[in-house]
Amino acid sequence: MPELPEVETTRRGIEPHLVGRRVDDVVLRRRELRWPIPAEIKRALIGREILATRRRAKYLLLDNALGSAIIHLGMSGVLRVLPASTAVGRHDHIDLQLDSGRVLRFTDPRRFGCLLWQAAGETHPLLAELGPEPLSDDFDGARLFRLSRGRRGPVKNFIMDQATVVGVGNIYAAESLFRAGIDPRRAAGRVSLARYQALAAAIRDILNYAIERGGTTLRDFLNPDGLPGYFEQELLVYGREGLPCRVCATALKTLRLGQRASCYCPRCQR
DNA sequence: CATCGGACCTGTTAGC
DNA sequence: TGCTAACAGGTCCGAT
């Protein structure tokens, strides 16, 4: 469920319950997630105050004086703040028990998510090679243009590559390409600067708007307050195969790029 | 290097 | 109604 807007929505939802709270215990019910939870995690977290929450790409970081817990939600991960007495479910893998009497609970049926640790001043290898944040000044169409020269792969794969720009997953890639009028199959190296500028603007606008709307609701995504995101109703192409394009009424098509479904308008996107 | 496919794992849904 | 297969928001890694 989580692309950048969902991760940011989660961060904003949990932050007020975490900052200034001390972690009294860390309960690990399953250590084998995408990667094993590092052995030092308890020592690093227990007894210390959470000083800040941050987001880098689709990773959430919880900072204390020693460093940062790094959480990725994978495909199906959810973080919620709950009363400590809340019954534990089958896929509730991690609890951070807080001195407020609540727990930060990580639930992840598919276990593609992770909990890692980086000491203060260090950068975890997984975070080291990431591209710029799409909502920062480091990201623009000129960068996309420059990076894409000579690339023969589809532009959709190119913008979903976290080394190009972070946070753009399958949904928002499809949506932003539609908004920019670019066929997702087009070779990345054959998109003009002007069109990359339109694409960069589309990515920025869509992500900002989706964050405002509390993320996308697909299946059971709930933000940490238990409320659904409201962006789904406004998706223009994702999941709309066969339905009329909202701009030109042509039936939308789906193709497969790099194992991922890609819905697009054969008329609006070239 | 860039690109592609497989792998990780479970739950839901479409189709027979 | 039940069973099976396909598919789902991510992304690393190894082979080509």
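Since the structure is predicted, the reported quantities are computational estimates derived from the model, not experimental observations.
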>> Given the structure, check if the side chain of A:Arg110 and the base of C:dA8 hold any donor-acceptor pair shorter than 3.5 Å.
In response: yes

[atom1] of [X] versus [atom2] of [N]: gap in Å, rounded?
X	N	atom1	atom2	result
A:Arg34	C:dG9	CZ	P	16 Å
A:Gln259	B:dA7	CD	P	11 Å
A:Phe112	C:dC7	CZ	P	16 Å
A:Leu126	C:dC12	CG	P	6 Å
A:Arg31	B:dC8	CZ	P	22 Å
A:Arg186	B:dT3	CZ	P	16 Å
A:Tyr59	C:dG10	OH	C1'	9 Å
A:Met75	B:dC9	CE	C1'	10 Å

>> Against A:Ser262, only a single residue in A:Lys156, A:Arg256, A:Glu241 fulfils side-chain hydrogen bond (donor to acceptor under 3.5 Å, both in side chains); can you say which?
In response: A:Lys156

> If pairing requires Watson-Crick or G-U wobble contacts with both distances under 3.5 Å, which nucleotide is the partner of C:dT11?
Replying inline: B:dA7

>> Within the structure provided, determine whether A:Asp92 and A:Arg29 are in side-chain contact (heavy-atom separation under 4.5 Å).
In response: yes

> Can you find a pair of side-chain heavy atoms, one from A:Leu60 and one from A:Arg54, that are under 4.5 Å apart?
Replying inline: no

> Under the ring pair (Phe, Tyr, Trp, His ring centres under 6.0 Å) rule, what pairs show up with a residue in residues 65-105 of chain A, not counting sequence neighbours?
Replying inline: A:Tyr59-A:His72

>> If the test is salt bridge (Lys or Arg N to Asp or Glu O under 4.0 Å), which one of A:Glu129, A:Glu133, A:Glu8 qualifies with A:Arg56?
In response: A:Glu133

At 4.0 Å (heavy atoms only), tell me whether [X] reaches a base, stays on the sugar-phosphate, or touches nothing.
X	value
A:Arg260	base
A:Phe158	nothing
A:Arg90	sugar-phosphate

>> Measuring only the P atom in each nucleotide, how far is C:dA6 from B:dG6? A whole number of Å is fine.
In response: 14 Å

>> When the P atoms of C:dC7 and B:dG5 are compared, how many Å lie between them, rounded to an integer?
In response: 15 Å

> Which nucleotide, B:dC4, C:dG9, C:dC12, lies nearest any side-chain atom of A:Trp35?
Replying inline: C:dC12

> Which nucleotide in the set C:dG9, B:dG11, C:dT11 lies at the smallest distance from any side-chain heavy atom of A:His72?
Replying inline: C:dT11

